[in-house]
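Presented below is the structure to which this report refers.
Chain identifiers are assigned alphabetically (A, B, ...) following the order of the sequence lines, protein sequences preceding nucleic acid strands; residue numbering begins at 1 within each chain.
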Protein chains: 2
Amino acid sequence: MSCHASKDSLHAVGMKVTKAREVLLRVLEASDHPLTVDEIYDRLAQPRPGRPTIYRNLERFIQEGWAESFVDKNQIQRFLRCGTTEHHHHIHCEKCQRTTELDGCAMTKALSQLERQCGYKVTRHQLQIYGLCPECQKALALK
Amino acid sequence: MSCHASKDSLHAVGMKVTKAREVLLRVLEASDHPLTVDEIYDRLAQPRPGRPTIYRNLERFIQEGWAESFVDKNQIQRFLRCGTTEHHHHIHCEKCQRTTELDGCAMTKALSQLERQCGYKVTRHQLQIYGLCPECQKALALK
DNA sequence: TTTGTTGCAAAGGGTTTGCAGGAGA
DNA sequence: TCTCCTGCAAACCCTTTGCAACAAA
């Protein structure tokens, strides 16, 4: 999402176009892996928005489907920009931390089978996938 | 896991059999849904272990594969007893909160297909499934 | 001008730590 | 006896809140 596009998106949902929102979207955009609030804060040039502003806006972004958050293994919340507001998942490289957005959802079939097996009606699900990205696999193979 | 079995399990991994551990396992066992530390605390008869002891032991239980934790939508950590140390998932009822342990993993196929598509080598994954349990579906249908 | 946003400081609240006393093996 | 565990209190630290000043529309 370019700078211009971010303005349009903000307008489209009735959010005012502010400096804080533009730089926040840009920082999320520029990272290839999910960031903590501290990491976001450190990447913002001064004068930068305060932490409360960062939290408040990230929450808005998530509501709009522009970003997602999850809690990492150190119990810290991490935020990442989504390229689509459709339902999808991500895969995280455990070595270089890179995160790749996956097209669509690979679980549709498995879940409808599950419904028949356990009797529940599935309404939603969350999936975190971890692995090794192609580059890190190559790097390991060369050793 | 009966009281006796819990003693055996504790012994087997070199953990001392203490009152705190026995009652903690019993409380987790008795609940049909994941509990917060506060909920666990409230269910313990006095004299009860302090919160630090609860946290410390839950962590040990998770290390041993006897329990799992996840962060709920209010950002609070919840703990649940696992009936197996094998890889598996749970489904949570969004209405009555009941949690059911699922046998095995429904995603094996989907993940190996995913590997071919995105080039990552999948090493592990987490899956939270939410839905309506059979009873809650019936209750809703009657309205 | 009207409404939504930000900044600051402070509070909130779940979780962890340090250490001395106590219970298990 | 020796080691591990628990209790207590305090510290930690991420996150939220309140409110006045400010910027966008």
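- Per the geometry, CD1 belonging to A:I62 stands 10 Å off P belonging to D:dT16, to the nearest Å.
- The phosphate of D:dT6 (OP1 or OP2) has a side-chain N or O of B:N57 nearer than 4.0 angstrom.
- Rounded to whole Å, the distance from NZ on B:K7 to P on C:dG24 is 11 Å.
- The separation between A:D72 atom CG and D:dC14 atom P is 11 Å, rounded to whole Å.
- In this structure, the nucleotide among C:dT15, D:dT6, C:dA25 sitting nearest to the side chain of B:H11 is C:dA25.
- If you take CD of B:E59 and P of D:dT6, they are 13 Å apart, rounded to a whole angstrom.
- B:R51 has no side-chain polar atom (N or O) that falls below the 4.0 Å cut-off from OP1 or OP2 of C:dG14.
- Between the CG atom of A:L10 and the P atom of C:dT6 there is a distance of 10 Å, rounded to whole Å.
- For the OP1/OP2 pair of C:dT15 and a distance below 4.0 Å, the side-chain nitrogens and oxygens of B:Y55 include at least one atom meeting the criterion.
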Using the rule given for side chain to side chain donor-acceptor pair (under 3.5 Å), can you reason through B:H125 versus B:H89, listing the C-alpha separation, both sets of side-chain angles and the distance that settles it, and then say yes or no?
CA-CA 10 Å; B:H125 64 275; B:H89 302 290; 3.1 Å; yes

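- Taking every side-chain heavy atom of B:T53 into account, D:dG7 is the closest of C:dT15, D:dG7, D:dT15.
- No donor-acceptor pair under 3.5 Å is formed between the side chain of A:R124 and the backbone N or O of B:G131.
- The distance from atom CD1 of A:I76 to atom C1' of C:dT16 is 13 Å, rounded to the nearest whole Å.
- Under the 3.5 Å distance criterion, the side-chain polar atoms of B:E135 are left unmatched by any main-chain donor or acceptor of B:C96.
- Take the nearest nucleotide of DNA chain C for B:R56 and for B:K19: the residue whose nucleotide is more 5' is B:R56.
- The line from NE2 of A:H92 to CZ of A:R78 is 10.0 Å long, rounded to the nearest 0.5 Å.
- A donor-acceptor contact under 3.5 angstrom links the side chains of B:T123 and A:E94, judged on distance only.
- Closest approach to the A:P52 side chain among C:dT17, D:dT15, D:dT16 is made by D:dT16 (side chain taken as heavy atoms from C-beta onward).
- A straight line from NZ of A:K16 to C1' of C:dG4 spans 4 Å, rounded to a whole angstrom.
- To the nearest angstrom, P of D:dT16 lies 7 Å from CD of B:Q75.
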